[in-house]
Amino acid sequence: MSRVLSDLRKFISRLRMNALGYRYEYNRAIDEKIISDIWTEMHTSLQKPDGRQRRFSRAMAQYRAHLAMRPRVSVWTFEIASFFVLPFFLLGCWATYVLQGGSRDSRALDGLQLVFASRWKNNPEIFVVPDGLTGKSIATQPLDHHRLSSNDSVLILQLLAQSIAQRTPFPFQLALKCAVDVAAVRGAVMRYSPKFILVYWEFSCGLSIITQAMNACGIETYNVMHGDKHYYAKHAFFEVDRCYCWNEYYADLFREEHARSDFQCFTNPGFVLSTAERAHLDNHQPCGVGIAAPHIATLVSQKDSREGAAVQFADAINRLAKTNNVTIRAHPFYADDFNTIRPGLSSDVKIESPDSKPARTFLLDHKIIVGTVSTLLLDAAHLGCQVVAISTAVMKDVEQYHYLYTLENVTTSTLEDLSETIAAIDAKTKVGQTSIASHASS
């Protein structure tokens, strides 16, 4: 029964994301214009000394950036639905909070790590606690209940009123989005009394309102990045008390997008071989080519044919598989994309389900990792793997500024030249020797 409910939640989540219709663009100029236009209009309110008013404005600015990436029919549909749903959601979450006794009998601790239940179950490695917080008492709590205190409900209504006053388009949708996010956090926090919370939510326009709601309770909000980033309007303008980034590239990226925080860098465990992984390499010789199935948006722009891009990608992998042992691993959150690619793959290509083994083991088991820029590709590069980043027209902008492409063990290749690129890398390395093996023995 629990598996059925889990599958249902995943289906509803995919349905909601498809309905929202975000356009995933890798053209930096498009995102720069969205951010620049909003900053030009709102920069005064985004820098107000009054924290409450500033965070309201930052939530509205990030929301407006989101609207710019969604089709009008989606925006109107959600706005009409939000107009009717918002009052019932506020009342229901507030009543449940009161009936459960609010925040009484709370447990004091340093920090509370808030995680998405399904992803915590399947990919706990993405919810990292930064090494700068080592030694702190931190509990982990899933975001699986929604509650609102009286102050939270008032906060959402004030946000709605200010959004209308400032002529923010489609304000009921913003209010409902922020209400849902704050309610999820309140539902997780209500039995605790932490000094700070850890969230993984830079893409949410509700993040600045969460920061405000927690600040009102004397709780700081720390956001921890949990996946690779490129210059993207979706995570512009947010405000948190502290934002942990993998390195200065990401901190600078957020600053360029006018996010406001105390940015701090930490060591991403995904970039370092563990003792167990070194032992695995001692007993398992990497071989063959591992393909990280890409998000189709990294292969072709939305105005062009997804099916055509999928066929082109599959053909390139099939050619490679004629002379190499090739395994392709589907991305757990881009199932629809992989289903478009899969029919074109030949029987020479081994297909690996994302739940068959950890993604890290997939990296360690292959001599060469191929894909488009992603967290998995970054992990592979930092672990010392030979990495081939597929170069496409839509990724040209990202190639100009993303630090992945500057790493010595990363090679770029078009789909047409992929087989030749792999052959050239093989020619430079002896059979059975890889950079990752050398890295492990050092």
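Positions are given from 1 along the sequence.
For Y26, the ring-ring contact (aromatic ring centres under 6.0 Å, His included) criterion is met by H230, not counting sequence neighbours. Scored by the side chain to side chain contact (heavy atoms under 4.5 Å, CB included) test, R242 finds L133, Y222, Y244, D262, Q264 as partners (sequence neighbours excluded). Under the side chain to side chain contact (heavy atoms under 4.5 Å, CB included) criterion, T323 pairs with no residue, sequence neighbours left out. Every residue two or more places apart in sequence or in another chain that forms a side chain to side chain contact (heavy atoms under 4.5 Å, CB included) with Q212 is listed here: R52, R55, L155. The ring-ring contact (aromatic ring centres under 6.0 Å, His included) check on Y200 picks up F127, with sequence neighbours excluded. When the salt bridge (Lys or Arg N to Asp or Glu O under 4.0 Å) test is applied to D181, the partners found at least two apart in sequence or on another chain are K177. In this structure, the side chain to side chain contact (heavy atoms under 4.5 Å, CB included) partners of Q312, at least two apart in sequence or on a different chain, are L415, E416. Residues meeting the side-chain hydrogen bond (donor to acceptor under 3.5 Å, both in side chains) test with H402, sequence neighbours left out: D228. Qualifying ring-ring contact (aromatic ring centres under 6.0 Å, His included) partners for F83, counting only residues two or more places apart in sequence or in other chains: F172. In this view, F362 and H366 satisfy the ring-ring contact (aromatic ring centres under 6.0 Å, His included) rule, not counting sequence neighbours.
Between A188 and L143, the closest heavy-atom pair is CB-CD2, 4.1 Å. Closest of all the heavy-atom pairs between A175 and I156 is O-CG2, 3.6 Å. Nearest heavy-atom pair across S391 and E399 is OG-OE2, 2.7 Å.
Taking the six-membered ring for Trp and thresholds of 30 and 60 degrees, W39 and H258 have nearly parallel ring planes, at less than 30 degrees apart. Classified by interplanar angle (parallel below 30°, tilted 30° to 60°, perpendicular above 60°), the ring pair W246/Y250 is perpendicular.
Listed by first and then second residue, the salt bridge (Lys or Arg N to Asp or Glu O under 4.0 Å) pairs involving residues 194-206 are D110-K195, E202-K229 (not counting sequence neighbours). Applying the salt bridge (Lys or Arg N to Asp or Glu O under 4.0 Å) definition to pairs two or more places apart or across chains, those involving residues 29-46 are R28-E32, K33-D37, E41-R64.
Within the 3.5 Å criterion, the main-chain N or O of T221 finds a donor-acceptor partner in the side chain of D241.
In summary, the side chains of D397 and Y231 do not present any donor paired with an acceptor at a separation below 3.5 Å, with no hydrogens or angles considered.
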